[in-house]
Amino acid sequence: MPTPRFTLRPGQAILYGGLTVGVIDCAFATIRSAMHGTSFVKLWQGVASGALGARAAEGGVATAALGLVFHFFIATSIVAFYYFLSRRIPLLRRHPFICGPIYGLGVYIFMNFVVIPLSAIGPQPHVLSRMWWGIGIHLVGIGLPAAWFASLVPQDG
């Protein structure tokens, strides 16, 4: 794959990618939760509950804000991991539109079958209708941007 005309430095790719993934996933989660009658605060307290457990629901806006901080930290970590993998496996950088969604599926599996069950949230039931939405956003809104931002850094970058 030729070097794109527009390139980024590694830190820029990770930061911009993390912000992009975080905003896309945040918007999706917020809209989907609102459609089901869950408030913005309750949604992001739920994210904070991964570290704080049930106490997160008692913290009001402060724990919701902490949930958002966790969310963007995780999003940036996901992008950074893809970036560092793409430096060792050039195929990931050369074919972002194929490898990114595959990576997104891997992120979905890892988060839902390893991270969440091991967190203070604990194991959750896997409801097929929610799984399809979750897989879809991970393919398109998480894996794809992570791969695209990594592809914008030249190999020697």
Side-chain angles (χ1 to χ4, degrees), residues 10 13-89 91-152:
I14 292 168
L15 177 64
Y16 299 158
L19 288 172
T20 301
V21 166
V23 167
I24 290 170
D25 192 42
C26 179
F28 174 80
T30 300
I31 292 166
R32 186 113 167 98
S33 292
M35 290 170 52
H36 289 92
T38 302
S39 74
F40 183 84
V41 170
K42 187 163 178 60
L43 166 67
W44 298 105
Q45 284 174 332
V47 174
S49 72
L52 304 177
R55 296 178 318 188
E58 301 165 10
V61 174
T63 54
L66 183 61
L68 274 168
V69 169
F70 289 160
H71 172 77
F72 279 94
F73 174 77
I74 292 166
T76 303
S77 298
I78 288 167
V79 172
F81 188 73
Y82 190 95
Y83 170 78
F84 288 114
L85 276 177
S86 76
R87 299 301 104 178
R88 296 206 176 265
I89 307 169
L91 173 78
L92 298 176
R93 192 180 59 263
R94 286 194 305 262
H95 300 286
F97 298 106
I98 296 169
C99 297
I102 294 168
Y103 177 71
L105 178 61
V107 170
Y108 176 84
I109 291 168
F110 183 71
M111 290 300 293
N112 286 276
F113 292 91
V114 178
V115 174
I116 292 172
L118 292 176
S119 76
I121 296 170
Q124 298 293 299
H126 298 285
V127 178
L128 193 57
S129 62
R130 275 190 274 157
M131 287 177 66
W132 287 119
W133 282 104
I135 290 169
I137 193 63
H138 278 77
L139 295 175
V140 177
I142 295 173
L144 196 54
W148 185 72
F149 277 97
S151 77
L152 295 176

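The analysis underlying the following values was restricted to heavy atoms, covering all of them including side chains, and did not include hydrogens, waters or symmetry mates.
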Peer 1: If you look at every heavy atom in Gly143 and Tyr103, which pair is closest and at what distance?
Peer 2: CA-CD2, 4.3 Å

Peer 1: Distance check, rounded to the nearest 0.5 Å: Phe40 atom CZ versus Cys26 atom SG?
Peer 2: 5.0 Å

Peer 1: Atom CG of Leu68 and atom CG of Leu43: how far apart are they, to the nearest 0.5 Å?
Peer 2: 8.0 Å

Peer 1: Is it the case that the side chain of Asp25 and the backbone of Val21 share a donor-acceptor pair, with hydrogens and angles ignored and the cut-off at 3.5 Å?
Peer 2: no

Peer 1: Hey, does Leu66 have a side-chain heavy atom less than 4.5 Å from the side chain of Leu52?
Peer 2: yes

Peer 1: On a heavy-atom basis, which atom in Val41 and which in Gly60 lie closest, and how many Å separate them?
Peer 2: CG1-O, 3.9 Å

Peer 1: Return the minimal non-hydrogen interatomic distance between Tyr82 and Gly100, and the atom names on each side.
Peer 2: OH-N, 4.1 Å

Peer 1: In terms of heavy-atom contacts, does CZ of Phe81 have more than 12 from other residues, nucleotides or ligands at under 6.0 Å?
Peer 2: no

Peer 1: When rounded to the nearest 0.5 angstrom, what distance separates OG1 in Thr76 from OH in Tyr83?
Peer 2: 15.0 Å

Peer 1: Are any side-chain N or O atoms of Ser86 and backbone N or O atoms of Arg93, one a donor and one an acceptor, separated by less than 3.5 Å?
Peer 2: no

Peer 1: Please check this pair: side chain of His138 against backbone of Gly134, looking for a donor-acceptor N/O pair closer than 3.5 Å.
Peer 2: yes

Peer 1: How long is the straight-line distance from CZ of Arg130 back to CD1 of Ile135, given to the nearest 0.5 Å?
Peer 2: 13.0 Å

Peer 1: With rounding to the nearest 0.5 Å, note down the distance linking CD1 in Ile102 to CG in Leu92.
Peer 2: 9.0 Å

Peer 1: Hey, are the side chains of Phe110 and Ile78 touching, using non-hydrogen atoms and a 4.5 Å cut-off?
Peer 2: no

Peer 1: Please tell me if the side chains of Arg32 and Ile137 come closer than 4.5 Å, counting only heavy atoms from C-beta onward.
Peer 2: no

Peer 1: Do you know which two heavy atoms are closest between Gly141 and Ile24, and how far apart they sit?
Peer 2: CA-CG2, 3.7 Å

Peer 1: Should Ile14 and Phe149 count as side-chain neighbours, where that means a heavy-atom distance under 4.5 Å?
Peer 2: no

Peer 1: Indicate the ring-plane relationship of Phe113 and His126, choosing parallel, tilted or perpendicular according to the 30° and 60° boundaries.
Peer 2: parallel

Peer 1: Is any side-chain heavy atom of Phe84 less than 4.5 Å from a side-chain heavy atom of Arg88?
Peer 2: no

Peer 1: Report yes if some heavy atom in the side chain of Gln45 is under 4.5 Å from a heavy atom in the side chain of Glu58; otherwise report no.
Peer 2: no

Peer 1: Tell me the closest heavy-atom pair linking Trp44 and Thr30, and the distance in Å.
Peer 2: NE1-OG1, 3.6 Å

Peer 1: Identify the two heavy atoms, one from Pro101 and one from Leu139, that lie closest to each other, and give their separation to 0.1 Å.
Peer 2: O-CD2, 2.9 Å

